[in-house]
Amino acid sequence: MKKILYLTFYFEPDLSAGSFRNTSLVKEIANQSIGDVEIDVFTTLPNRYSSFQAAAKLEEHINNLSIYRIRIPKHQNGMKDQIYSFKRYFTDVQSKIKGKSYDLVVASSSRLFTAYLGYKIAVKNKLPLYLDIRDIFIDTMEDVLKNPFIKIGTIPLLRIIENKVFSYATHINLISGGFKDYFKKFKGPVFSTYSNGIDDLFLDLPRTNEVDIPNRTKVITYAGNIGEGQGLHKIIPQAAKKLGNDFLFQIIGDGGAKYKLVDKVEELGVKNVDLRNPVNRQQLIEIYNNSDFLFIHLNDYEAFKKVLPSKVFELGAYDKPLIAGVAGFANRFIEENISNKILFLPGQVDEMVNQLKAYEYKNQYREEFINKYKRSTINTKLAQSILSYIK
């Protein structure tokens, strides 16, 4: 019996793009390989948001799939908190796999260090390494780190780690086609681009009956992480002030930059921004269904010109108009693939407000987009790719 070690910091029932992607992918790998392969998933207990708690077992065993969840310190999602949390994950995984043997290491990573953990284990045991890369961590750090002394000490070290990890990997899947140019310098791995997709949960959504909504407040909903990467504090309070009481911004989530959003809302004195804690996906579907517009925004960082947020797929499954403030690859992807949208570059408050005021409201089911980007179809192919390295 072949064995796969699968590493992912986030897994169900946690709320994050990484959790949603890896949970569905692992289940697909397990389904395709019953009787041939056993899979050990090492992840963490739910920790994405301090304001969201979900019960989860430390261990689960389902047919050929075993899930081991590591308890990490409670945190507020700041950088130091994340370092301490990952250190616990890093050391505990290595401790718990002692005495176990595997045929393949798979690591899904956005912050490089889960990939580095996979690399350390693969090198030590002379195993092939399959990486699913969800972000270019060094790019993000170049934008996020403001202290020049910290940056000078950190970035070169990260580049050394990155080169070791990516040069050793047998196969690297890039979650965004925008990453391709960056990864050209790594000659050893085989590359693929299996993106995020639309979960089954969002395939049979009720259609919106209401078409004309001129005589009531229109609800614009954002749900997800509220961090520096999203830059909500640079767009929502300012847009809310300009739009006035005809629009209500409903913000559901938590994150390291939530205080900046709260401070800006208070500074501008706007009353049409409603901040709420994270909710589970079933509750979120109901909230989206009762919204008029769905919103996504990324900060104006060079790194984010390469990414393709998973939320694009989730929101594109609804028949609601999409409001998107993104640049680079994501902007081009939305322009080419998603109809019925208001699209602008990050932080362009006036452009967003002007388009919204001129917009003639309508709902539109995006059948072609949904059929093309079903998560189940993408996972089937990605799982086959992973299993090809041990079959």
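Given the structure is predicted, the values throughout are model-derived calculations rather than measurements.
Looking at S85, its side chain never comes within 3.5 Å of a backbone N or O of I72 through a donor-acceptor pair. Side chain of Y89 to backbone of T8: a donor-acceptor contact under 3.5 angstrom is found. A side-chain donor-acceptor contact under 3.5 Å links N272 to the backbone of G244. Between the side chain of S291 and the main chain of T221, no donor-acceptor pair closer than 3.5 Å is present. Between the D254 side chain and the N277 main chain, no donor and acceptor come within less than 3.5 Å of each other.
In summary, K57 and E60 do not engage in a salt bridge, as defined by a charged side-chain N under 4.0 Å from a carboxylate O. D92 has no carboxylate O lying under 4.0 Å from a charged side-chain N of K87, or vice versa, which leaves the two without a salt bridge. Salt-bridge formation is detected for the pair D199/R281: a Lys NZ or Arg NE/NH1/NH2 atom is positioned less than 4.0 Å from an Asp or Glu carboxylate oxygen. Salt bridge E367/R207: absent, no basic N to carboxylate O contact under 4.0 Å. For D40 and K3, the salt-bridge test passes: some basic side-chain N is under 4.0 Å from an acidic carboxylate O. Using a cut-off of 4.0 Å between Lys/Arg side-chain N and Asp/Glu carboxylate O, K184 and D181 are scored as salt-bridged.
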Do D14 and S19 pass the side-chain hydrogen bond (donor to acceptor under 3.5 Å, both in side chains) test, and can you show the C-alpha distance, the side-chain angles, and the key distance before you say yes or no?
-> CA-CA 6 Å; D14 220 338; S19 171; over 6 Å; no
Check the pair K311, E314 against salt bridge (charged side-chain N to carboxylate O under 4.0 Å, His left out), reporting the backbone distance first and the verdict last.
-> CA-CA 5 Å; K311 196 158 291 292; E314 183 178 299; 3.5 Å; yes
Could you please spell out the steps behind the side-chain contact (heavy atoms from CB on, under 4.5 Å) verdict for Y168 and V123?
-> CA-CA 8 Å; Y168 177 86; V123 168; 3.8 Å; yes
Trace of the salt bridge (charged side-chain N to carboxylate O under 4.0 Å, His left out) decision for E335 with R332 = CA-CA 5 Å; E335 179 62 43; R332 294 194 300 274; over 6 Å; no
Starting from the C-alpha separation in whole Å, work towards a yes-or-no answer on side-chain contact (heavy atoms from CB on, under 4.5 Å) for I323 and F344.
-> CA-CA 8 Å; I323 302 175; F344 57 98; 3.6 Å; yes
Begin from the C-alpha positions of Q282 and E286 and carry the test side-chain hydrogen bond (donor to acceptor under 3.5 Å, both in side chains) through to its verdict.
-> CA-CA 7 Å; Q282 283 298 151; E286 184 176 349; over 6 Å; no
side-chain contact (heavy atoms from CB on, under 4.5 Å) between Y10 and S108, intermediate numbers included = CA-CA 9 Å; Y10 297 115; S108 180; over 6 Å; no
Could you walk me through whether K151 and D143 pass the salt bridge (charged side-chain N to carboxylate O under 4.0 Å, His left out) test, one step at a time?
-> CA-CA 10 Å; K151 185 178 287 191; D143 286 326; over 6 Å; no
Dump the intermediate steps for side-chain hydrogen bond (donor to acceptor under 3.5 Å, both in side chains) on N196 and R375, then the final yes or no.
-> CA-CA 7 Å; N196 271 307; R375 174 99 74 182; 2.8 Å; yes
Let me see the working for Y194 and N379 under side-chain hydrogen bond (donor to acceptor under 3.5 Å, both in side chains), right down to the final yes or no.
-> CA-CA 8 Å; Y194 296 107; N379 277 348; over 6 Å; no
Applying side-chain contact (heavy atoms from CB on, under 4.5 Å), run through I97 and L5 and close with a yes or a no.
-> CA-CA 9 Å; I97 66 169; L5 171 63; 4.2 Å; yes
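Between the CG atom of L117 and the CG atom of L112 there is a distance of 11.5 Å, given to the nearest 0.5 Å. For the atom pair OH (Y318) and CD1 (I370), the distance works out to 10.5 Å, reported to the nearest 0.5 Å. Atom CG of N289 sits about 9.5 Å away from atom CG of L284, to the nearest 0.5 Å. In this structure, CG in D103 is found 10.5 Å from CG in N125, a value given to the nearest 0.5 Å. Distance OH/Y68 to CG/L58: 12.0 Å, rounded to 0.5 Å. Interatomic distance, CG of L275 versus NZ of K258, reported as 6.0 Å (0.5 Å rounding).
Figure legend: K306 and F329 shown without cation-pi pairing, the cationic atom not lying both under 6.0 angstrom from the six-membered ring centre and within 45 degrees of its axis.
By the criterion of side-chain heavy atoms lying less than 4.5 angstrom apart, applied directly or through intervening Ile, Leu, Val, Met, Phe, Trp or Tyr residues, L203 is grouped together with L294 in one hydrophobic cluster. At a threshold of 4.5 Å between side-chain heavy atoms, the hydrophobic network of Ile, Leu, Val, Met, Phe, Trp and Tyr places I251 and Y259 in two separate groups. I83 is connected to I138 through a chain of hydrophobic side-chain contacts under 4.5 Å among Ile, Leu, Val, Met, Phe, Trp and Tyr, so both are in one cluster. No continuous path of hydrophobic side-chain contacts links L387 to I34 [ILVMFWY only; heavy atoms under 4.5 Å]. Note on L157: it clusters hydrophobically with I150, by side-chain heavy-atom contacts below 4.5 Å among ILVMFWY residues.
Donor-acceptor pairing under 3.5 Å is recorded for the side chains of N280 and Q283. Between N363 and K320, the side chains place no donor N or O within less than 3.5 Å of an acceptor N or O (distance only, hydrogens not considered). Side-chain polar atoms of N340 and Y365 form no donor-acceptor pair below 3.5 angstrom. No hydrogens or angles considered: a donor-acceptor pair under 3.5 Å links the side chains of N173 and D132. A donor and an acceptor atom, one from each side chain of N225 and Q230, are located under 3.5 Å apart. Residues E28 and Q32 have side chains that bring a donor and an acceptor to within less than 3.5 angstrom of each other. With no hydrogens or angles considered, no side-chain donor-acceptor pair links S110 and D135 at under 3.5 Å.
Counting heavy atoms of neighbouring residues, nucleotides and ligands inside a 6.0 Å radius, atom CG of N147 exceeds 12 of them.
Minimum interatomic distance between P13 and A56 (heavy atoms only, all atoms of both residues): CD-CB, 3.6 Å. Across every non-hydrogen atom of P278 and I252, the tightest pair is CA-CG2, 4.1 Å. Among all heavy-atom pairs drawn from N299 and G231, the shortest one is ND2-CA, 3.8 Å.
Side chains of Q238 and K264 form a contact here, defined as non-hydrogen atoms less than 4.5 Å apart. In this structure the side chain of N337 reaches within 4.5 angstrom of the side chain of Y373, judged on heavy atoms. For the pair Q364/K341, no side-chain contact is recorded, criterion being any heavy-atom separation below 4.5 Å from C-beta on. Side chains of R276 and Q250 form a contact here, defined as non-hydrogen atoms less than 4.5 Å apart. Residues V219 and F247 fail the side-chain proximity criterion, which asks for heavy atoms closer than 4.5 Å.
Applying the ring pair (Phe, Tyr, Trp, His ring centres under 6.0 Å) test between F137 and each of Y182, F166, F86, F113 identifies F113 as the sole match.
Relative ring orientation between Y389 and Y130 is described as perpendicular, the plane-to-plane angle rising above 60° on a 0-90° scale split at 30° and 60°.
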